[in-house]
2 protein chains.
Amino acid sequence: MITQSEIATEKIRDQIVRGDVAPGTHLQENPLSQQLGMSRTPIRTALSSLAQEGLLEYVAKRGYRVKEFTVNEIVDAYYVRATLEGMACRLVAEKGLDRWTRNKLSKCVEEGEIITAKAAEDDFDGPAWRRMNNTFHRTIVEAAESPFLKRQIDQIVFIPLATLFVVANWGGRVNAENIGRAQVDHINILDALERGESSRAEARMREHLENTARLIRDYYERSQEMDEATEDLSVA
Amino acid sequence: MITQSEIATEKIRDQIVRGDVAPGTHLQENPLSQQLGMSRTPIRTALSSLAQEGLLEYVAKRGYRVKEFTVNEIVDAYYVRATLEGMACRLVAEKGLDRWTRNKLSKCVEEGEIITAKAAEDDFDGPAWRRMNNTFHRTIVEAAESPFLKRQIDQIVFIPLATLFVVANWGGRVNAENIGRAQVDHINILDALERGESSRAEARMREHLENTARLIRDYYERSQEMDEATEDLSVA
DNA sequence: ATAGAGTGATATGTATTCAATATTTAATTT
DNA sequence: AAATTAAATATTGAATACATATCACTCTAT
């Protein structure tokens with residue numbers, strides 16, 4: 001059965017992740033209950049859940065605010081994720097790739113080849129890449145068969161998601177070089193998994209995600225420079 | 001300000017962690033509200049929090065049960081913790097040990113020497129060892145200065161705590177050998193941190209905790225054998 | 001005697017009401 | 001005119017009341 005609380009949780013989370021409510025916004029219970037057509041009770045449990053997920057900040061007697069993530073926090077989260085998914089690779093390599101997983105990962109790599117080829121001709125299909133990329137990573141995490149590891153990764157994956165929507169859209173700035181490098185990473189990871197080279201698989205995955213973190217930091221720093229530039233313009 | 005919900009959360013968590021309520025127990029709202037002298041409302045939010053922490057299992061319209069952990073789950077959790085605290089060591093070694101942290105860790109090692117010396121003479125001070133051990137690990141995690149890492153480790157650390165109370169008391173079975181080995185691990189970890197040898201520090205910490213996981217598994221298997229033996233006796 | 005269906009009891013989910021505290025606004029004083 | 005204080009308003013925290021789903025027990029039928 002689906003409860004009102006669950007509905008509220010998902011809807012509010014969606015609003016945050018999609019960026020419909022700005023970071024720092026004070027989420028009040030009465031407006032939300034009116035907006036979602038339910039009483040304050042399920043709203044309260046939803047807000048409490050989202051706070052524990054890390055998407056909201058709670059201050060006693062003052063309610064919940066949408067958490068603001070600094071670049072450093074996002075990069076930090078990415079480094080933890082890199083370590084955890086590295087562990088996932090290690091576990092998968094140690095226990096050996098089963099046929100089903102191997103197949104799924106191969107298909108991801110194949111699709112990646114097509115996407116990168118098109119990207120080299122300035123025709124990058126962002127949504128397709130993200131779908132494929134998610135499948136690749138989630139398949140490995142699933143294959144590790146470690147419930148705790150999965151839980152930890154799940155928690156971290158959609159923390160910086162809100163901010164990632166910006167990066168994901170990426171202002172058309174995605175250059176073929178970055179995508180190509182990620183694709184090579186995927187190929188190497190799959191290769192290491194197939195050969196059962198656990199520490200290589202771990203290291204490659206870690207590197208892969210740390211590279212992404214660096215891209216995010218670069219993107220932010222550049223966009224900040226741009227902001228300053230436009231500020232200068234507006235002043236002038 | 002301290003809310004009723006927070007009081008309820010802490011009290012119920014305590015009951016679970018201390019083993020006052022058996023794993024699998026169905027926690028009902030009305031009895032708890034009477035027991036803690038408050039209405040059902042704060043109880044509900046407390047139960048919801050504890051479920052998200054992983055201490056309770058939730059089934060819609062059926063309420064909350066105290067989570068039962070299998071040996072495999074506990075070992076699994078320990079392996080994840082081993083990876084995460086390994087990462088903490090790596091970060092600390094990379095950025096260099098500050099004086100304060102180095103001092104605190106040194107004191108832990110010194111205290112460990114005394115405790116192991118006494119343990120070799122069959123006079124093991126369990127509580128002192130656990131206090132020191134907690135300080136050692138927490139100090140390293142703090143020194144890593146990674147909020148996400150800390151959060152993830154905090155979550156995992158007191159998940160299997162309930163079960164660990166059993167292991168901690170350990171039936172007087174703590175042999176000097178195991179404690180001595182853990183002490184040597186601590187010494188090596190501190191040495192690696194001091195030298196800034198990040199990958200050695202990471203590997204040593206990982207190994208250290210994986211050893212603990214193995215000890216827990218051994219303990220469980222032995223205690224299960226003992227259970228079977230006593231069963232046989234009672235039958236005979 | 002056993003299995004199944006139905007009814008009553010019990011527990012959870014939601015709404016509403018009440019209370020306490022924080023914030024804002026207005027008024028008064030310096 | 002500005003600042004401080006007090007009063008009013010609004011928002012969160014908790015309790016109570018109400019609705020709904022699950023569970024257990026009983027009764028009936030095979």
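Numbered from 1 within each chain, the chains take letters A, B, ... in sequence-line order.
Closest approach of B:A46 to B:A8, counting heavy atoms only: CB-CB, 3.7 Å. Taking every heavy atom of both residues into account, B:L47 and B:L27 meet most closely at CD2-CD1, 4.1 Å. Annotation for B:A82 and B:R206: closest pair CB-O, 3.7 Å, computed over non-hydrogen atoms.
Look at B:H26 and you'll find a side-chain N or O under 4.0 angstrom from OP1 or OP2 of C:dT12.
Between the OH atom of A:Y64 and the C1' atom of D:dT11 there is a distance of 13 Å, given to the nearest Å. D:dG13 atom C1' lies 15 Å from atom CZ of B:R44, rounded to whole Å. If you take CD of A:Q28 and P of C:dA22, they are 16 Å apart, rounded to a whole angstrom. In this structure, A:R65 atom CZ and C:dA22 atom C1' are separated by 13 Å, rounded to whole Å. Across the protein-nucleic acid pair, A:K61 atom NZ and D:dT9 atom C1' stand 14 Å apart, rounded to whole Å. For the pair A:M38 CE and C:dT16 C1', the computed distance is 16 Å after rounding to whole Å. Atom CD1 in B:I43 sits about 15 Å away from atom C1' in D:dT16, given to the nearest Å. Here D:dT11 presents its C1' atom at 13 Å from CG of A:L47, a figure rounded to the nearest Å.
In this model, a donor atom of one side chain and an acceptor atom of the other lie less than 3.5 Å apart for A:T83 and B:R90. Using a 3.5 Å distance cut-off with no hydrogens or angles, the side chains of A:R214 and A:N211 do pair a donor with an acceptor.
Put simply, OG1 on B:T212 and CZ on B:R217 are 13.5 Å apart, with the number rounded to the nearest 0.5 Å.
Distance from the side chain of B:S39 is smallest for D:dA15 among the nucleotides C:dG13, D:dA15, C:dT16. Considering only the side chain of A:N30, D:dT11 comes nearest among D:dT20, D:dT11, D:dA15. Nearest nucleotide to the B:E29 side chain, out of C:dA15, D:dA14, C:dT12: C:dT12. Among the nucleotides D:dA15, C:dA15, D:dT12, the one closest to the side chain of A:R40 is D:dT12.
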Provide a list of protein-nucleic acid N or O atom pairs under 3.5 angstrom, restricted to nucleotides 23-25 of chain C.
{"unit_1": "C:dT23", "atom_1": "OP1", "unit_2": "A:R62", "atom_2": "NE", "d": "2.5"}
{"unit_1": "C:dT23", "atom_1": "OP1", "unit_2": "A:R62", "atom_2": "NH2", "d": "2.8"}

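Contact annotation for A:S5: backbone-only contact, meaning every heavy-atom pair under 4.0 Å involves sugar-phosphate atoms and none involves a base. Across all strands, A:Y58 comes closer than 4.0 Å only to sugar-phosphate atoms, never to a base (heavy-atom distances). Nucleic acid contact class of B:L27 (heavy atoms, under 4.0 Å, all strands): sugar-phosphate only.
Using cut-offs of 30° and 60° for the angle between ring planes, the B:H208 and B:H137 rings count as parallel.
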